[in-house]
Amino acid sequence: MWESDGDLLARVDKNKMPRHVAIIMDGNGRWANGLGLLRNAGHLAGVKTLKNILKTAVNLKLEVLTVYAFSTENWKRPHSEVDFLMNLFSEYLEREKLEMHENNVRIKFLGRTEDFSPALQNLIHDSIELMKNNTGVIFNVAADYGGQDEIVRAAQKLAQRVANGELSPENISTQLFENELDTAGQPPVDLLIRTSGDLRVSNFLLWQVAYAEFWFTDTPWPSFTPEEFVSALVDFGKRTRRFGALNT
Ligand code: FPP
């Protein structure tokens, strides 16, 4: 089991915890370049950060943690970087899946994933199967994921049901639409964290962030710590959320 850092966790008011935290793990390349290293060294260091943040999420009993690992646009990067990332995902799953399972993590994947190698697809399938009955944190890895793509895929599934005569267009509701998203059945994002200074959403969880609170930091992902993660959660606890209504 992963050890818990009691002092750190005590900073978070359990009654003001987000249910779903999503993270854009940005800045691996810039972090590496700043140290005179190749970009891939940044991705390697980013895996360590991810492990630490997942561990903290487990110890905090967070309901859902979603991370942006590879976007539908990341295929445009040089082959060498794409290949490196694919190998990194495989190694990560191979190495970490049992430990995640022991910690009651339920891994899921958001996105297409069918363009990944058969070996990686098998690993993804096996990891999901291994952890599918776990009851702890839902750990969504967004891989070959784009928010627009997810919405189009959901629309296609509903359109097919209309074409089959199973559904009439006027019965399509936000709830029905949500049921077709990759995050079906999960709470919406409460807190979106982006590391490394850019202030944009980059096609991540476009539907699910409708009422999310945003938290940005200049820290590049490899330098992001559980302490800073907890600071984001503490800050979230101070926000007033109105969901479009007025304060009463
Ligand atoms: C963004 O940084 C990061 C990525 C596109 C890849 C994220 C991958 C990891 C953190 C590796 C671990 C993930 C798993 C699931 C094992 P960037 O390369 O765009 O950095 P830059 O903006 O500085 O160029």
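Every number for a ligand or one of its atoms is a count from 1 in the order of the listing.
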- Can you list the atoms of ligand 1 that are under 4.0 Å from a heavy atom of W221? 10 (C)

- Any atoms of ligand 1 less than 4.0 Å from a non-hydrogen atom of D26? List them with their elements. 1 (C), 2 (O), 17 (P), 19 (O), 20 (O), 21 (P), 22 (O)

- Message: Under 4.0 Å from a heavy atom of F89: which atoms of ligand 1 are those, numbered in the order shown and with their elements?
- Response: 13 (C), 14 (C), 15 (C), 16 (C)

- Task: Please work out which of L50, L88, L93 has its closest non-hydrogen atom nearest to atom 15 (C) of ligand 1.
- Result: L50

- Check ligand 1 against A69 and write out every atom of the ligand that is under 4.0 Å from a heavy-atom position of the residue. 6 (C), 7 (C), 8 (C), 15 (C)

- Task: Please confirm whether Y68 comes within less than 3.5 Å of ligand 1 when only nitrogen or oxygen atoms on both sides are compared.
- Result: no

- Are any of the side-chain heavy atoms of L93 and V141 separated by less than 4.5 Å? no

- Query: Can D182 and K108 be counted as an ion pair, charged N to O under 4.0 angstrom?
  - Reply: no

- Using a 4.0 Å heavy-atom cut-off, say whether F70 meets ligand 1 through its side chain, its backbone, both or neither. neither

- Query: What do we get for R77 next to ligand 1 when only non-hydrogen atoms under 4.0 Å count, side chain, backbone, both or neither?
  - Reply: side chain

- Task: Could you note down all residue pairs passing ring-ring contact (aromatic ring centres under 6.0 Å, His included) where residues 147-178 supplies at least one of them, sequence neighbours left out?
- Result: F177-W207

- Atom indices of ligand 1 within 4.0 angstrom of N74 heavy atoms, with elements: 5 (C)

- Query: Of N33, N28, D26, which meets side chain to side chain donor-acceptor pair (under 3.5 Å) against R30?
  - Reply: D26

- Counting heavy atoms only, name the option from R30, H43, M25 that's nearest to atom 11 (C) of ligand 1. H43

- Query: Looking at V47, which atoms of ligand 1 are within less than 4.0 Å of one of its heavy atoms?
  - Reply: 11 (C), 12 (C)

- Is there a side-chain contact between V82 and K76 (heavy atoms, below 4.5 Å)? no

- Residues W2 and E99: side-chain donor-acceptor under 3.5 angstrom: yes

- Query: With only distance considered, is N28 within less than 3.5 Å of ligand 1 through an N or O on each side?
  - Reply: yes

- Message: Considering both backbone and side-chain atoms of G29, is one of its nitrogen or oxygen atoms within less than 3.5 Å of a nitrogen or oxygen in ligand 1?
- Response: yes

- Give a yes or no on whether the backbone of Y211 and the side-chain of R241 come within a donor-acceptor separation of less than 3.5 Å. yes

- Item | Nitrogen or oxygen of R39 less than 3.5 angstrom from that of ligand 1 | yes

- By salt bridge (Lys or Arg N to Asp or Glu O under 4.0 Å), which residues pair with E227, not counting sequence neighbours? none

- For W31 and A41, work out which heavy atoms get closest and say how close. CZ3-O, 3.9 Å

